[in-house]
Protein chains: 2
Amino acid sequence: MTTKPEAAQDALNKLLQVVTLLNEDMRQDFERRGLTPARTHALWVLAELGPSPQRALAQALGVTARNVTGIVDGLVETGFVTREPHPGDRRATLVTFTDKGAHTVHHLQESQRTLAVQLFGQMPAERFSAFVNGMDDVLQVIQRELAKG
Amino acid sequence: MTTKPEAAQDALNKLLQVVTLLNEDMRQDFERRGLTPARTHALWVLAELGPSPQRALAQALGVTARNVTGIVDGLVETGFVTREPHPGDRRATLVTFTDKGAHTVHHLQESQRTLAVQLFGQMPAERFSAFVNGMDDVLQVIQRELAKG
DNA sequence: ATTCATTGTGTAGCTACTTCACTATGCAAC
DNA sequence: GTTGCATAGTGAAGTAGCTACACAATGAAT
């Protein structure tokens, strides 16, 4: 045991605070673009996958297929994606970016890059790498814990 | 500029991953106790404030008074708090822990302490302090940014 | 041709959030 | 002490995000 419990608690509190503020910051960015968090997440995943049936989106997002129907409904209404027929499977639709959607995702990606640079760009190299190593440690612990139960 | 953009992006991705997993872990803990995230947050704040009128809770939680009505409704139904008359202001109610509520908050606090120790307890002192310093940097940047836009 | 799996959606319901309108009470000023 | 404004809480209505269950249409395999 090298870290005192109170210090560990302080660190966790700070981490949670960072989380809260970061979420808030990103949420505001989404909102300016007419996006909700869930719809943004869907766009983001869609950018990775390319045009996809809703089932694939559901899996990638970790939510039910029914929920994806609703999210895509919203994205269609607001003009970010369209539902195209799946060539070769008439049951499925291919969720596909509109120009606006593709454009928006591109800006989101840039925005995230900018944020990363804002957060870490000025940080001394040594501190930065220690920070990243610390986060790797934390990630490992969490993943081990979640695996257990 | 001491940190490369790609490295900064990696770091941000890791941070967001930590966030996601941590949230999921905590949410599961809440669920086991019969609590939703919003209700847990309310309990947590109530523990800091002591018995409070809903208005105070709303302010502390950063949500509307109307929303607090709903959250407290839920907490009353599930037996964590009661609405007591405010002595000296007949408009207000004092949201007050039941035994179950007080007990639960206590366990939540212990659980958070345990989590902190799990996450950071084994970390070498030097890495830990660098990690905390890094988070302080990040916090500062975010707060500066949020203040602006 | 029948059977079974899969895709998407209707229905219904919960939590969490908002705004707007309203009641009841408190409080201060005339 | 009444008038008038502020404050505490809630009803009504709506949005977003999620769930489970039921079902129609299609696909795939025997």
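Numbers restart at 1 for each chain; the letters A, B, ... are given by sequence-line order, proteins then strands. Everything quoted here is computed from the prediction, not taken from an experiment.
A donor-acceptor pair under 3.5 Å is formed between the side chain of A/S52 and the backbone N or O of A/G50. Under a 3.5 Å cut-off, the side chain of B/K100 and the backbone N or O of B/T78 do form a donor-acceptor pair. A/T93 places no side-chain N or O within 3.5 Å of a backbone atom of A/R83 that could act as its donor or acceptor partner. Between the A/S111 side chain and the A/H107 main chain, no donor and acceptor come within less than 3.5 Å of each other.
For B/R55, taking side-chain heavy atoms from C-beta onward, the closest of the listed nucleotides D/dA8, D/dG17, C/dG8 is D/dA8.
Put simply, CG on B/D73 is 12 Å from C1' on C/dT15, counting in whole angstrom units. Rounded to whole angstrom, the span from the CG atom of A/N67 across to the P atom of C/dT15 amounts to 17 Å. Atom C1' of nucleotide C/dG8 and atom CD of A/E84 are separated by 16 Å, given to the nearest angstrom. Atoms CZ (A/F30) and P (D/dA16) sit 16 Å apart, rounded to a whole Å. Look at CG on B/L57: it is 12 Å from P on D/dA8, rounded to the nearest Å. If you measure from atom CG of A/D89 to atom P of D/dA28, you get 7 Å, rounded to the nearest angstrom. Going from atom CZ of B/R83 over to atom C1' of D/dT10 covers 9 Å, rounded to whole Å. Straight-line distance from the CZ atom of B/R91 to the P atom of C/dT23: 16 Å, rounded to whole Å.
Residue-to-nucleotide proximity on DNA chain D shows that, of B/L94 and A/A38, the 5′-proximal contact is made by B/L94. Checking B/E77 against B/V63, the closest nucleotide of DNA chain C that is more toward the 5' end is the one next to B/E77. Positionally, the nearest nucleotide of DNA chain D for B/T69 lies more toward the 5' end than for the other of B/T69 and A/T64.
On a pure distance criterion of 3.5 Å, a polar donor-acceptor pair joins the side chain of B/R66 and the base of D/dG11. Residue side chain A/R90 does not reach the base of D/dG27 through any donor-acceptor N/O pair under 3.5 Å, judged by distance alone.
Comment: A/D29 engages A/R33 in a salt bridge, judged by a side-chain N to carboxylate O separation of less than 4.0 angstrom.
Phosphate proximity of C/dA16 to B/T36: present, with a side-chain N or O under 4.0 Å from OP1 or OP2.
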